[in-house]
Protein chains: 2
Amino acid sequence: MRVTIKDVARKAGVSTATVSLVLHDNRRISVETRKRVLKAIHELEYQPSQLARGLVMKQTGNIGFILTEDHFLRTEPFYTRIFLGTEFEARESSHFVLLTTIPTQFTEENSLPRFVTQQSVDGIIVAGKVPQLLVEKLNHYNMPFIFIDYYPPKGDYSAVLIDNILGGMVATEHLIKLGHKEIAFIGGDIEHPSINERYIGYKMALEKHGIRYRSELVITSEEATGKESGLHAVCSLLDRDIKFTALFACNDAMAIGAMECLRKRGLKIPDQVSVVGFDDIESDVFQDPPLTTIAVPKFDLGIEAMRLMREVLANKVRKNKKVLVPVELVLRKSTSPLKK
Amino acid sequence: MRVTIKDVARKAGVSTATVSLVLHDNRRISVETRKRVLKAIHELEYQPSQLARGLVMKQTGNIGFILTEDHFLRTEPFYTRIFLGTEFEARESSHFVLLTTIPTQFTEENSLPRFVTQQSVDGIIVAGKVPQLLVEKLNHYNMPFIFIDYYPPKGDYSAVLIDNILGGMVATEHLIKLGHKEIAFIGGDIEHPSINERYIGYKMALEKHGIRYRSELVITSEEATGKESGLHAVCSLLDRDIKFTALFACNDAMAIGAMECLRKRGLKIPDQVSVVGFDDIESDVFQDPPLTTIAVPKFDLGIEAMRLMREVLANKVRKNKKVLVPVELVLRKSTSPLKK
DNA sequence: AATTTTTAGTTAAACGATTAACGAAATGAA
DNA sequence: TTCATTTCGTTAATCGTTTAACTAAAAATT
């Protein structure tokens with residue numbers, strides 16, 4: 001049978017209360033007694049039961065982690081890295097993370113994850129864009145939740161977000177510093193806050209350096225944000241004979257598609273067109289040339305979310321707190337100084 | 001405050017024991033009382049506390065899921081799919097799955113996942129090849145564990161495995177039925193049970209159809225099982241002027257590398273060489289031509305593991321049970337009938 | 001009618017922790 | 001010396017379930 005606090009108490013010749021107090025570093029216990037207890041704990045290899053502890057403390061020690069199915073199964077380990085960060089940081093406070101997915105099309109028929117309805121978690125982390133319906137259903141439960149890399153359009157929540165505006169600025173400024181003035185921007189799903197913010201960063205950088213914003217250089221009408229969209233966007237630019245010496249794509253997938261189009265049309269990268277992406281996905285390195293991009297620290301996003309969760313659970317947070325995690329420029333071979 | 005069994009009991013005018021018995025479908029309770037209780041449960045939206053339940057039943061309701069880091073972060077969502085299957089099936093028995101990773105190089109310095117040392121799980125599922133040290137450390141704990149897609153070289157364990165031999169046979173027979181007789185096999189990391197079994201399947205199929213095994217058609221000396229190994233293996237075959245009209249690669253990655261080499265050397269697929277892979281990874285479809293392969297039902301592997309775990313936990317399993325999940329041939333464009 | 005059996009519930013202990021409230025001994029203050 | 005305070009522990013209630021053992025009433029048997 002399992003070693004319990006009673007066994008420890010007996011072995012150390014004290015009451016179970018004393019053992020518990022030692023475990024919680026209560027200074028009401030003398031150094032000697034504490035030593036005896038610690039010795040007994042060690043010798044018996046005692047591990048407190050999380051169940052018993054949770055029952056009296058009214059907390060489960062679990063954190064729920066919700067992802068849509070497609071995000072979890074994406075080839076690019078974006079959300080898996082975020083999860084890993086969360087799980088890693090959870091070890092610091094002895095939390096467990098329960099990962100579950102919801103259908104990408106979450107409708108009325110779908111029920112919430114069991115850990116929510118059963119109240120088997122102390123808090124919930126929601127990663128990536130999720131259907132509004134989920135958010136609303138979640139609101140019915142008296143459980144703190146935190147978003148990662150997404151922010152619901154209505155309502156006020158705690159969230160850990162990528163500093164997309166900064167990223168957009170850094171990417172654009174990088175191009176500007178290389179001497180470029182005709183910098184195109186391509187984006188899709190422009191309603192998505194993250195994409196929109198990158199776009200804003202682009203515009204801010206232009207303004208900051210006194211470069212006029214030219215709408216013909218900008219494509220925000222793509223539906224999706226995949227490779228095909230990138231290809232399509234750039235091709236449409238080229239078809240209209242729009243000239244640009246640099247390109248900032250709202251993410252790497254689109255950037256890769258864009259490069260494909262540029263190559264097809266015989267444009268040399270980076271000599272004729274410099275390209276910057278956003279995200280730093282795995283395949284960037286295998287591009288020809290390797291893609292310069294804005295790296296998103298996925299692991300850190302997960303870590304920050306778990307930290308924020310702890311603060312929230314400890315009531316350290318006044319209102320809904322937002323954490324912006326910084327991004328950084330990763331120089332590879334797809335950008336170069338403007339050539340005459 | 002949380003709704004407890006007491007609230008339900010009060011509302012229904014019965015004792016808490018009665019509520020509990022109703023919850024467990026005990027037929028000692030009359031139909032009417034049961035109805036009253038059920039009504040109260042429903043009206044109060046009562047959810048039993050897993051903590052309290054677990055405490056008295058001496059079970060946590062959790063299953064640990066261990067993966068090496070590199071497996072979890074692989075671009076190909078192989079193990080994530082397996083996990084998803086497990087998580088999905090866990091819902092049937094109200095289990096939660098705690099996913100954690102261990103360093104790929106698990107050494108003495110590394111400690112076991114916290115859910116093991118803390119005994120916060122009822123059983124453990126280990127997916128993919130893991131260091132032997134982990135297995136040995138796990139053995140010290142009195143917890144059932146089950147392997148998925150791996151079987152430790154020493155010892156006897158319960159496991160859910162891919163029917164690799166069958167897969168190797170099916171792949172090879174497919175080629176034989178297309179008229180091929182000179183069928184090459186390329187594999188790497190041949191010590192790995194899965195690879196070895198596919199190789200055995202290859203040999204069995206040849207024998208079954210009375211085709212002589214020719215060692216010069218076989219490469220098992222590659223270290224790794226990646227694209228480069230596939231490329232290297234086939235090139236070395238071609239360099240030695242070995243003739244073959246079909247090729248079975250031990251996995252899709254190698255098959256893709258192999259095709260790259262074949263294309264480079266000007267050999268047409270499938271006209272001059274038919275190629276079959278194994279695994280059914282995402283990028284198969286994007287190959288030129290799309291790769292015919294043996295599909296591994298990842299989701300099912302996870303499901304079967306969870307089912308097996310339940311059997312084990314219920315002591316339904318006499319000895320260590322092995323479950324072989326069947327694979328199936330996926331016809332795409334990389335194989336065709338032998339041309340004269 | 002008396003006894004036994006069945007039915008339909010209840011009582012109370014147990015699971016393994018935490019912690020407020022209490023208390024005895026030692027120490028300090030008046 | 002007496003009273004107050006501090007130190008170091010203990011007692012006992014509590015968290016929300018489950019379930020063995022019990023009981024009262026009803027039904028069946030003799």
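In what follows, chains carry the letters A, B, and so on, assigned in the order in which the sequence lines appear, proteins first and then strands, with residues in each chain numbered from 1.
Remark: B/K58 is in phosphate contact with C/dG16, judged by side-chain N or O atoms under 4.0 Å from OP1 or OP2. Under 4.0 angstrom from either OP1 or OP2 of C/dT10 there lies at least one side-chain N or O belonging to B/S15.
Distance A/R53 CZ to C/dT19 C1': 13 Å, rounded to the nearest Å. Counting to the nearest Å, the P atom of D/dA21 and the CG atom of B/L21 are 15 Å from each other. The CD-P distance, from B/Q47 to D/dT17, rounds to 10 Å in whole Å.
Using a distance-only test at 3.5 Å, with no hydrogens or angles considered, no donor-acceptor pair links the side chain of A/T75 to the main chain of B/T75.
Using a 4.0 Å heavy-atom criterion, one finds that A/Q59 contacts no nucleic acid atom at all.
Between B/A52 and B/V14, it is B/V14 whose nearest contact on DNA chain C lies nearer the 5' terminus.
Of all the residues in residues 23-35 of chain A, A/H24, A/R28 reach under 4.0 Å from DNA chain C with at least one non-hydrogen atom. A heavy atom closer than 4.0 Å to some atom of DNA chain C occurs in no member of residues 36-46 of chain B.
A side chain to side chain contact (heavy atoms under 4.5 Å, CB included) with A/I63 holds for exactly one of A/L99, A/I146, A/L313; it is A/L313.
Checked against C/dG16, D/dT10, D/dT17, the side chain of B/L55 finds its nearest nucleotide in C/dG16.
A/Y79 does not carry A/R74 over the face of its six-membered ring by the limits of under 6.0 Å from the centre and within 45° of the normal.
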